[in-house]
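Note that ligands are numbered from 1 as they come in the structure, with each ligand's atoms numbered from 1 the same way.
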Amino acid sequence: MSFDRSIKIAPSILSADFANFGAECEAIEAQGADWVHVDVMDGHFVPNITFGPATCAAIRPHIKGVMDVHLMIAPVDPYIEGFAKAGADIITAHVEAGPHIHRTLQAIRGAGAKAGVALNPGTPATAVAYLLDMVDLVCVMTVNPGFGGQKFIHGQVEKVRQLRAMIGDRPIHIEIDGGVDPTTAPLVAQAGADVLVAGSAVFRGGSVSDPAPYGENIRAIRAATTA
Ligand code: DX5
Ligand code: ZN
């Protein structure tokens, strides 16, 4: 994985057909997705349950590009090895998931993956101030994690601006997760984000048998950031 700050659209398969993940991953990549965002939830750290390392391993052969795994689980550490072995390129853990995020990030890189750290809406940018030399990505949650289709929390845009200044020249992606659509994407792109996760705004109107709307939706989000 090479680093650049161009806008990358990362559809979240949380909004895909759960009976058809492989075909959905192939469809979104064929329609222009840059990364595939995989939301792992445990029913404990967040009030919803999705899937684990076995599902990630099963979909990995259907993804040509970056598999971006967002862990909304606590504890995190016992499962890092499993997600790395499943083929995750990036593993992101929440700063709120436990008392030892520093150790968790070391473990992610130690397992051979890029390390991401995610911030819930109530967590300030300064929570990652002493982690910046050990991460490849900071994920700003612009909804409370747990569900797709929620409303973008506008107050988070200022946090993105702060993080962009804190990051400076470091090769760290800023990822936005939650409520991204053609209206909100330009706000976070201008503030310094380069990876835009989008679930409902990418998958709406399309399906594996009619994937063209995925492409239209991806292009609409990307175009909004350059308008
Ligand atoms: C929320 C997840 C997001 C979510 C985004 O907990 O981390 O990735 O799927 O979905 P939308 O784009 O529908 O807000
Ligand atoms: Zn996510």
What I want to find out is whether Glu216 reaches Arg219 closely enough, with some N-O distance under 4.0 Å, to be called a salt bridge. no

Can you spot which of Gln150, Gln156, Lys151 makes a side-chain contact (heavy atoms from CB on, under 4.5 Å) with Val143? Gln150

Side chains of Thr50 and Asp39: any donor to acceptor distance under 3.5 Å? no

Please work out whether the ring planes of Phe21 and Phe18 are parallel, tilted or perpendicular, with thresholds of 30° and 60°. tilted

Under 2.8 Å from the Zn ion (ligand 2) - protein N/O/S, by chain and number: His37 NE2, Asp39 OD1, His70 ND1, Asp177 OD2

Knowing that exactly one of Val197, Val157, Val160, Leu187 qualifies, which makes a side-chain contact (heavy atoms from CB on, under 4.5 Å) with Ile176? Val160

Can you run down the side-chain hydrogen bond (donor to acceptor under 3.5 Å, both in side chains) pairs that involve residues 87-101, sequence neighbours left out, and say none if there aren't any? Arg60-Asp89, His70-His94, His94-Glu96, His94-Asn120, Glu96-Asn120, Glu96-Thr123

Using 4.0 Å as the upper bound for N to carboxylate O, is an ion pair formed by Asp34 and Arg222? yes

Donor-acceptor pair, Thr104 side chain versus Val76 backbone, under 3.5 Å? no

Under 3.5 Å, which donor-acceptor pairs do the side chains of residues 200-207 form with other protein atoms, sequence neighbours left out?
from	atom 1	to	atom 2	distance (Å)
Ser207	OG	Ser209	N	3.4
Ser207	OG	Ser209	OG	3.2
Ser207	OG	Asp210	N	3.1

Within the 4.0 Å heavy-atom sphere of ligand 1, strictly under, residues: Ser12, Leu14, His37, Asp39, Met41, His70, Met72, Met141, Pro145, Gly146, Phe147, Gly148, Gly149, Asp177, Gly178, Gly179, Val197, Ala198, Gly199, Ser200

